[in-house]
Each structure stands twice: as structure tokens, then as C-alpha cells.
Amino acid sequence: MVNQDFVPKQKAQEIENGEVSWQAPSNIALVKYWGKKENQIPANPSISFTLNDCRTTTRLSYSKKESPSDSGNFDFSFYFEGKPKEDFKPKIQSFFERIQQYCPYLKDFSFEIHSENSFPHSSGIASSASGMSALALCVMEIEKKMYPDMNPDFFNQKASFLARLGSGSACRSIDGGLVVWGEHEKIENSSDLFGVSYPYEVHDIFKTYRDTILLVDKGEKQVSSSVGHGLMHGHPFAESRFEQAHKNLQRLIPVLKNGNLEEFIKIVESEALSLHAMMMSSEPYFILMKPNTLEIINKIWSFREEMKVPVCFTLDAGANVHVLYPQDYESKVLEFINNELVAYCQNEQYICDRVGKGARQLTIKN
Ligand code: PMV
């Protein structure tokens with residue numbers, strides 16, 4: 001597939017007004033995307049677990065305008081958790097600008113967007129992945145009304161393609177399970193343009209994996225991920241980092257099949273620390289981990305060693321710690337978290353999540 005394949009070519013059916021709704025989950029990367037080229041093309045391939053409980057629900061109502069918007073602005077209002085939210089609008093405006101060439105009908109409508117998250121507000125958990133994928137799915141739902149013969153694979157592929165243009169990692173939040181984004185020579189049909197379901201055999205242990213997210217710091221990040229991606233241009237270790245990501249993804253293929261947790265842990269933790277090592281060696285350098293992030297990592301290492309429980313951590317671009325473990329160890333790990341780790345969380349807060357099945361459409365009640 002190439003960009004042009006996402007530009008509608010047939011004549012659309014006329015539609016007037018209506019409402020659509022989708023719910024999309026967040027995801028947690030095992031091999032990290034950090035660094036991009038123009039148009040949200042990733043500098044290296046990545047793979048993530050789609051989550052289940054951290055979700056955004058978006059409702060999009062549309063009504064056909066007498067004449068299309070002719071200025072650069074799209075006609076929409078945005079409500080977050082029931083209240084108008086002006087500061088989100090520039091993000092959505094620029095999302096619409098980026099996807100307009102693939103969705104030329106956008107200027108023919110006025111939209112009302114209502115969005116809410118299942119996870120606590122300002123928990124430090126990025127909502128861009130679930131938020132952008134839910135919105136992209138709603139846009140596709142409208143497009144499907146104009147092109148009713150659209151095939152479901154194309155629907156998902158284009159939703160992921162559009163979500164990527166909103167926020168890179170959002171393209172991994174459409175399908176469930178394991179999703180790969182970015183071309184990798186050993187992964188068939190992998191693409192820089194959209195996420196694809198991991199196409200090879202996956203051991204049962206990974207199908208019900210747990211992710212308990214420890215909320216270490218709920219504040220605004222000092223450096224946004226878009227600035228962080230930008231700092232990979234001219235980064236002294238960029239090329240070796242991109243190569244490392246390719247290698248780690250390749251190393252994961254047999255591990256995902258045979259369920260070798262020792263090897264899984266080595267790859268996942270190395271990826272998390274390499275991501276943060278890139279931040280610490282950028283120019284300017286920065287640190288997103290907090291002292292409690294390190295306390296937690298050390299506690300996890302001791303617990304794993306002493307109790308022989310295959311639990312590990314990963315990190316996003318922030319201070320929160322994702323604790324990953326097989327379902328069978330849930331009670332042991334939750335006990336450990338309650339006894340030893342909650343003390344390092346802001347207000348003792350954490351969120352229990354797990355691998356999920358991907359985004360789902362909601363029926364509109366009239
Ligand atoms: O999608 P963005 O631009 O917010 O970047 C996310 C990058 C990481 O979360 C750090 C890694 C990843 O692959 O999700």
C-alpha cells in the first residue's frame with residue numbers, strides 16, 4: 001500500500017447527518033518507536049500490546065453544510081467529559097489538516113466531537129494513542145457510509161493510517177493483541193504507514209498478559225514526545241538505536257512463539273532503558289524518570305530474583321512504570337505491588353490493565 005491508495009477514487013454516496021461512536025484502547029510498546037521522518041514515518045519499527053481498560057470513547061456527530069468551509073479552518077466543536085475544551089482544538093484542527101487529502105469530504109460537514117477517557121484525568125497516561133485512534137475510527141465510520149462496499153480490512157488499515165497522522169503510536173491502537181508498526185524485513189506486510197496485527201504464532205501466555213501501570217508522576221511532562229522524537233535528528237546514537245530496535249524486534253519473534261520469559265524480559269527492559277538513554281543523551285538532554293521510577297525498578301529486580309516471578313517493567317516517555325507479567329502470577333504480583341510499590345506512587349494510585357482485543361464500535365442510542 002502507498003499513500004495514494006488511501007485517497008477515495010469512486011463517487012461517494014450522499015449523506016446528510018448522523019452520529020457515530022467508537023471506543024479505542026491505549027497500547028504499551030515492547031520495542032519502542034522513538035524518532036521519526038517527515039509525515040509521521042517512524043525511524044524504526046515497533047511492537048506493542050494493545051491494552052484493554054485504558055480507553056477513549058468518542059462520539060462524532062456530523063451534519064452536511066450548505067456549502068463547504070472555504071477557509072483553512074474545519075467546522076467542529078470539541079467536548080471532553082461533557083465540557084467544551086478549547087485547548088484540545090488546535091490538535092484536532094491539525095489532525096484534520098493532515099488527513100484532509102485522504103478524507104476530502106471533511107470540509108463538507110460540521111462536526112461535534114464528544115470524548116471521554118476511562119482512566120483518571122491527568123494521570124500522566126498519554127491519551128493521544130486512544131484518543132486519536134477513536135477519532136480516526138469515527139471518521140472512517142462516516143467514510144463507510146459514503147462508500148458502503150468498503151472492505152473491513154481496508155477500514156482498519158485506513159483507520160490506523162489516519163490515526164498515525166494524528167499521533168504515531170495511535171496507529172497501534174486499532175487491532176487487539178500484538179501490533180507491529182514500521183517496516184521490518186522479517187515481518188510480512190509490516191508497513192511504515194499503518195499498524196498490522198503481528199502475523200506469526202503467539203504463545204498463549206502473551207494473550208492474557210497483565211500490565212499494571214504505577215502512577216509515579218501525574219504532572220505535565222517537561223518534554224513532549226514530539227520534541228523528543230525531533231531530538232533524534234542528529235542524535236549521536238540514532239543510527240545504532242534504530243538498528244537495535246530492528247534487532248530486538250527480530251529477537252522477539254521466537255520468544256513470542258515459545259514463551260521464553262527470561263528472554264522476553266531482557267528485550268523489554270532493555271528497550272525501556274534504551275528509550276530513556278536516548279533522552280539522556282540528546283542535545284539538549286533531559287530525564288523523564290523520577291527517583292521513584294528507579295526505586296520501583298530496583299524493587300522489581302529484587303523481587304524477581306528472590307521470588308522467581310517473571311515480572312518486568314517497561315516505560316513510556318514519562319515517569320510512570322508499566323509492570324508486565326503473566327496472568328497466572330497476578331495475585332502474587334498485586335500483593336507485591338500493594339506491599340512494596342504503592343508507596344512510590346502518587347496518592348498510591350495504579351491502574352490494572354491487560355492485553356485487549358482492540359477498538360470497538362458503539363451503537364448509538366437515539
Ligand atoms: O506516539 P507518540 O508520538 O506520542 O510517541 C510515543 C513514543 C513512546 O510511547 C515513547 C514509544 C512507543 O512506541 O509507544
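All ligand and atom numbering here is 1-based and tracks the order in the structure.
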Point to revise | ligand 1 atoms in contact with L275 (distance to a heavy atom under 4.0 Å) | key: 10 (C)
Practice item. Kindly confirm or rule out a cation-pi arrangement of K257 over Y200, judged by NZ or CZ under 6.0 Å from the six-membered ring centre and within 45° of its axis? Key: no
Revision key, fill the gap. Under 4.0 Å from one or more heavy atoms of H229, ligand 1 contributes atoms 2 (P), 3 (O), 5 (O)
Review point. Should the pair R210-E330 be classified as a salt bridge under the 4.0 Å nitrogen-to-oxygen rule?
Key: yes
Review point. Which ligand 1 atoms does D316 reach within 4.0 Å, using its non-hydrogen atoms?
Key: 9 (O)
Point to revise | K32-ligand 1 polar pair, N/O distance under 3.5 Å | key: no
Study note, to complete from the structure: Tracing side-chain contacts under 4.5 Å among Ile, Leu, Val, Met, Phe, Trp and Tyr outward from L288 reaches W34, V223, V227, L231, M232, F237, F242, L275, M278, M279, F286
**Study point:** F88 ring center within less than 6.0 Å of F78 ring center
**Key:** yes
Point to revise | Listed once per pair and sorted, the ring pair (Phe, Tyr, Trp, His ring centres under 6.0 Å) pairs that draw on residues 315-354, sequence neighbours left out | key: F303-F336
Point to revise | R164 to F161 six-membered ring, cation-pi geometry met (6.0 Å, 45°) | key: yes
Check your understanding: Under a heavy-atom criterion of less than 4.0 Å, does S226 contact ligand 1?
Key -> no
Check your understanding: Is K36 in polar range of ligand 1, meaning some N or O pair under 3.5 Å apart?
Key -> no
Review point. So is K65 actually on top of F109's ring, under 6.0 Å and inside 45° of the axis?
Key: no
**Study point:** Numbered atoms and elements of ligand 1 in range of S169, under 4.0 angstrom, heavy atoms
**Key:** 1 (O), 2 (P), 6 (C), 14 (O)
Practice item. Give a yes/no on ligand 1: does R172 have at least one heavy atom closer than 4.0 angstrom to it? Key: yes
Practice item. Check each atom of ligand 1 against the heavy atoms of A317 and keep those under 4.0 Å away; list them by number with element. Key: 10 (C)
**Study point:** For A29, the ligand 1 atoms whose distance to one of its heavy atoms is below 4.0 Å
**Key:** 12 (C), 13 (O), 14 (O)
